[in-house]
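Just so you know, ligand 1 is whichever comes first in the structure, and atom 1 is the first atom listed for that ligand. Quantities reported herein were computed from a predicted structural model and do not represent experimental measurements. Residues: numbered from 1 along the sequence shown.
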Amino acid sequence: MSYSFDAFREAIGGDWYADDALLADLVARHASLEVSERRGLERFGAEVAGPLATLAETSARPENAPRLRAFDAWHRRVDEIVLPASTHEALAIVAGRERLGALHGDPFAFYAKTYLAHQNGEAGVACSLACTDGLTRLLAALGDRDEHRDALAAMRASSGERVVHAAQFVTEIQGGSDVGANAVEALPDGGAFRLHGAKWFCSNVNADWFLVSARPRGAPAGSKGVAIFLVPAYARDGEPRRNGDDARRNGYAIDRLKDKLGTRELATAEVTFAGALGWPIGPLDRGLPNLVDHVLATSRIACVLYAAATLRQCERIVGAYARFRTAFGRPIGDYALVRGTLDDLGLARERALAVAFELVRLWPAKDGSAEAADFRVLLSLAKPVITRRASELAHDAMLLLGANGIEERFSPLPRLYRDAAVMETWEGPHNVLFAQALRDLVRLRVDPEAFAARVSGRSNDPLAATVQRLLDASGREADAMPGMPALAAAVVDALGDRVLQR
Ligand SMILES: Cc1cc2nc3c(=O)[nH]c(=O)nc-3n(C[C@H](O)[C@H](O)[C@H](O)COP(=O)(O)OP(=O)(O)OC[C@H]3O[C@@H](n4cnc5c(N)ncnc54)[C@H](O)[C@@H]3O)c2cc1C
């Protein structure tokens, strides 16, 4: 019997902007686009569905996984990260030509493109975008030295010919959530510092600029003593040549690449600093708040967008398969349980994208305003809920393709499923963000009635009573925290439904 999957493959479509009515609606609602920006979005929709999808599939093959080449042929330590040509090509388009690592133009159009790019789940590109976005925002807000300005200008000038991007190294072997326990030490050296010690999870280690958290010698213990530094990847004596034999790393060694469940196209390393030159960003004793406000907030939005994009891709693939595949003489999409999963996927995806756009809208709010408090709280609630849903529903999506869902080359679903687990952990595991949200509700004196009304668009919303109950219990961790996951899910649903005008 001859059996063809062509109809299924064609139904996945060749333009992921044109097939996404909700995305177009949200862009139209929020963005004020120049004609060129609109055309750019339309063009990008076809590019992500075509050449970029093919590049992502190539980069994801096990034989193309990033490699560490520690020494060159003359026994010189080079610590080169060897990436496949497909990753370089995708970076050149997305981080270079499109410059999706440094905000420019209309923010809604910018993040709409980011969401489109993330639908390929190419973590070697996605992580680069998130880290570069975070560092450029930080430097734009706090940069006050020539080195800061140089790095910012270089990243903003990233191009297809020369991609310039960033990474951020905070997590240490003894723990990532408790940044106040950081032990990497920074020793003063003129107006700069020299960094010593080890970082444990360093993604996009092939970047040009690193943001590194470290404790200046003599600084107090705990989070007050953690400062943040701009660290160039390569030594500054002479023009560094990336991936060239004579490129000398700036006083650190890449010890090992992680062997990860997901985001396997992305080089994540263990790194030991031994005198790397770096320049502090912002006041030394404000490192952690500045890291959270400018860098971690950006990465958490990236996680939400990545999860929304994962849901969109699952919805698209499963929708096409449900129309194509028959079992017992009927398209599987006719079965109530299959329809149920499709409905769950569609609803979760719409809410996720709506919440992502709402976060982008609230992001620039001024400190002290209700909107700024909402942004902090909503981001901490949305990241765990939406990334968890992406994991759960990517799992369900795979199963709807039956055995074909498990085959790595049949669709990107196995890869998206593995990456989804990383989005849950990276930039703050769920519990840590729930705890942060509760602390912010208390610290920012958020009024439960007003908060619930802003989230849901309704007065007297029952969310208010839940928030009040958790605030009343906030001094008793064991009473308050178990209620946070349910509150977070209810907030995401109510906010998503308000934006979607359900
Ligand atoms: C693929 C990948 C790439 C990464 N890339 C980077 C990178 O580039 N740079 C970087 O700095 N880090 C990176 N990380 C690390 C990531 O940010 C950390 O894993 C994360 O911050 C959690 O730290 P941890 O793994 O040490 O877990 P821990 O902090 O040890 O937490 C362990 C568990 O305890 C729970 N827990 C901790 N505190 C609390 C609390 N107060 N209440 C309740 N539960 C709590 C957590 O929820 C978690 O489940 C990466 C991680 C992955 C998986």
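- Taking the six-membered ring for Trp and thresholds of 30 and 60 degrees, Phe110 and His104 have ring planes more than 60 degrees apart, a perpendicular arrangement.
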For residues 269-277, please give each side-chain donor-acceptor pair under 3.5 Å, one per line with the distance, not counting sequence neighbours.
unit_1 : atom_1 : unit_2 : atom_2 : d
Glu270 : OE2    : Arg256 : NH1    : 2.8
Glu270 : OE2    : Lys258 : NZ     : 2.8
Thr272 : OG1    : Asp255 : OD2    : 2.6

Taking distance alone, no hydrogens or angles, what donor-acceptor pairs closer than 3.5 Å link side-chain atoms of residues 304-311 to residues at least two apart or in another chain?
unit_1 : atom_1 : unit_2 : atom_2 : d
Tyr306 : OH     : Gly121 : O      : 3.2
Tyr306 : OH     : Asp419 : OD2    : 2.9
Thr310 : OG1    : Tyr306 : O      : 2.9

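- For Glu392, the CD atom is densely surrounded, since the number of other residues' heavy atoms within 6.0 Å is greater than 12.
- By the neighbour-count criterion of 12 heavy atoms within 6.0 Å, atom CZ of Arg217 is sparsely surrounded, having that number or fewer from other residues, nucleotides or ligands.
- Phe44 is linked by a ring pair (Phe, Tyr, Trp, His ring centres under 6.0 Å) to nothing, counting only residues two or more places apart in sequence or in another chain.
- Listed by chain and number, residues touching ligand 1 at under 4.0 Å (heavy atoms only) are Gln168, Phe169, Val170, Thr171, Gly175, Gly176, Ser177, Phe201, Cys202, Ser203, Lys260, Thr263, Val422, Thr425, Trp426, Glu427, Pro429, Asn431, Val432.
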